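Down below is the structure, laid out as structure tokens.
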Amino acid sequence: MTTDSAAEAAAREFEEHRGLLTGVAYRMLGRVSDAEDVVQDAWLRWEGADRSVVREPRAYLVRVVTRLAVDRLRQIKARNESYVGPWLPEPYVTDFGAFAPEPADTARRAELADSVSFAVLVLLETLSPLERAVFVLREAFGHPHAEIAAMLGREEPAVRRMAVRARRHVEEGRPRYQAGPRERRDLTERFLAAAAGGDLERLLEVLAPDVRLVADTGGRAKAPLRELFSAAKVARFLHGIRNRATTGWTYRPVEVNGGPAYLVLEDGVPQTLVQAEVADGLVRTVFLVRNPDKLRALAAPRD
């Protein structure tokens, strides 16, 4: 095989796994730009590796990305950066079809959507880098404990203990309510229609009495610096935003982090991403991402 054809084959093999690698890195980091940097670093290592001794490229690349993501996460935590107000993951465009008819493999889609949801990723931020890696590889991608141990350079019993701790932590903090894709889609559309239309009465009808609102601004936009609780407070806040809307506001349905959402744009520039967690016919949590750095990737319309 010539040098050119070998390089082309390496590139094709890497591209075949890019989606998987990005998914692992994003779940590890909660930041799209950091995930893309990690995947690019993995490509450079793959390009320079002796690929003739690599038996399973997929496993090799997942191992490289996981270790790079662990290192990146340790660096982020070591800097001990302070974040202004609540933190939410950078929205990650998914294609599980939240606005489309439900696919045949609904259970698998639900698992994928849950592993990348805002609620779960916020919980993963509180785990150690190794615990987070173990949880992501085990729960989201189904890798055996022995394989994860080899990837992380740890003993299998230690990995099993980390997996138990991480899963228990996530299960304890995970919302105790679940909604199917169709219910979530329909209620999200009703909620957004009421919020966008400034209909306070209809808005109150779809909000749970103990609903909470979490707004991520990074100190770059106006929104509560603490979580809001109760239907009355959340409805008043959303109603106030709608009253300040200009004629340049438009709304675009998108799917991010495994669920339906709406992107609010002003003169074509993303201003807010709105997503809701729902159950039992009511909105339980409202997520708002207003940090412009986290919305930049959503600016271009998608087909």
Side-chain angles (χ1 to χ4, degrees), residues 13-14 16-32 34-43 45-46 49-78 89 92 94 96 105-176 178 257-258:
E13 187 120 48
F14 189 86
E16 179 182 340
H17 301 297
R18 181 181 289 275
L20 167 67
L21 301 178
T22 302
V24 170
Y26 175 76
R27 287 168 174 81
M28 280 289 299
L29 299 165
R31 302 158 179 86
V32 175
D34 283 345
E36 291 174 344
D37 288 345
V38 161
V39 172
Q40 181 59 28
D41 287 346
W43 158 247
R45 298 195 180 202
W46 174 248
D50 181 2
R51 295 182 294 278
S52 65
V53 300
V54 177
R55 291 185 176 182
E56 299 181 10
R58 180 181 186 276
Y60 174 88
L61 290 169
V62 170
R63 180 172 71 249
V64 169
V65 163
T66 300
R67 290 183 173 181
L68 288 171
V70 167
D71 290 343
R72 177 69 64 99
L73 199 54
R74 283 172 172 160
Q75 293 167 7
I76 293 171
K77 289 182 178 291
Y92 178 54
T94 51
F96 305 139
D105 193 359
T106 302
R108 179 55 182 155
R109 187 188 68 170
E111 290 176 2
L112 289 170
D114 181 68
S115 72
V116 78
S117 70
F118 278 2
V120 167
L121 290 178
V122 168
L123 288 170
L124 293 187
E125 280 289 298
T126 61
L127 298 178
S128 72
L130 282 178
E131 287 174 336
R132 187 164 183 166
V134 170
F135 182 89
V136 167
L137 293 172
R138 179 66 182 164
E139 300 297 327
F141 296 99
H143 289 278
H145 292 107
E147 191 173 306
I148 297 172
M151 289 181 182
L152 298 176
R154 295 292 189 275
E155 297 294 328
E156 185 178 344
V159 166
R160 287 182 177 275
R161 289 193 294 272
M162 280 190 279
V164 170
R165 287 197 304 270
R167 184 170 188 176
R168 181 186 302 124
H169 177 79
V170 173
E171 289 299 326
E172 289 174 351
R174 191 194 302 268
R176 291 185 294 275
Q178 297 291 332
N257 295 75

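What you see is a predicted model; the values in this text were computed from it and never measured.
Interatomic distance, CG of L124 versus CG of L29, reported as 11.0 Å (0.5 Å rounding). Within the model, atoms CG of L137 and OG1 of T66 stand 4.0 Å from one another, a figure rounded to the nearest 0.5 Å. Interatomic distance, NE2 of H145 versus CZ of R154, reported as 15.5 Å (0.5 Å rounding). To the nearest 0.5 Å, atoms CD (E36) and CZ (R18) are separated by 9.0 Å. Going from atom CG of L61 over to atom CD of E13 covers 7.5 Å, rounded to the nearest 0.5 Å. Summarising the geometry, atom CH2 belonging to W43 is positioned 12.0 Å from atom CG belonging to L21; distances are rounded to the nearest 0.5 Å.
Across every non-hydrogen atom of T22 and A35, the tightest pair is O-CB, 4.3 Å. In terms of heavy atoms, W46 sits closest to P57 at CH2-CB, 3.8 Å. Annotation for V39 and F14: closest pair O-CZ, 3.4 Å, computed over non-hydrogen atoms. Of all non-hydrogen atoms in A166 and L127, the two that sit nearest each other are CB-CD1, 4.0 Å. Across every non-hydrogen atom of L73 and P129, the tightest pair is CD2-CA, 3.8 Å. Closest non-hydrogen pair, E156 versus A146, comes out as OE1-CB, 3.5 Å.
Between the side chain of E131 and the main chain of S128, a donor-acceptor pair closer than 3.5 Å is present. Under a 3.5 Å cut-off, the side chain of T126 and the backbone N or O of L123 do form a donor-acceptor pair. Remark: side-chain polar atoms of R27 are paired, donor with acceptor, to backbone N or O of G23 under 3.5 angstrom.
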Exercise. What do the steps show when you test F141 against V24 for side-chain contact (heavy atoms from CB on, under 4.5 Å), and what is the final call?
Worked result: CA-CA 8 Å; F141 296 99; V24 170; 3.5 Å; yes

For this session: Would you sort out whether R58 and H17 count as a side-chain hydrogen bond (donor to acceptor under 3.5 Å, both in side chains), showing the intermediate values?
Result: CA-CA 7 Å; R58 180 181 186 276; H17 301 297; 4.9 Å; no

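With contacts defined as side-chain heavy-atom distances shorter than 4.5 Å, the pair D41/R72 qualifies. Considering only heavy atoms from C-beta on, M28 stays 4.5 Å or farther from V38 through its side chain. Two residues are said to be in side-chain contact when any heavy atoms from C-beta on lie closer than 4.5 Å; N257 and T94 fail this criterion. Put simply, the side chain of M151 reaches to within 4.5 Å of the side chain of H143, judged on heavy atoms.
Salt bridge status for R132 with E125: present, with a side-chain N to carboxylate O gap under 4.0 Å.
Ring geometry for Y92 against Y26 counts as parallel: the plane angle stays under 30°, on a 0 to 90° scale with 60° as the upper cut.
Counting non-hydrogen atoms of other residues, nucleotides and ligands closer than 6.0 Å to CZ of R51 gives a total above 12. Atom CZ of R167 is surrounded by 12 or fewer heavy atoms from other residues, nucleotides or ligands within 6.0 Å.
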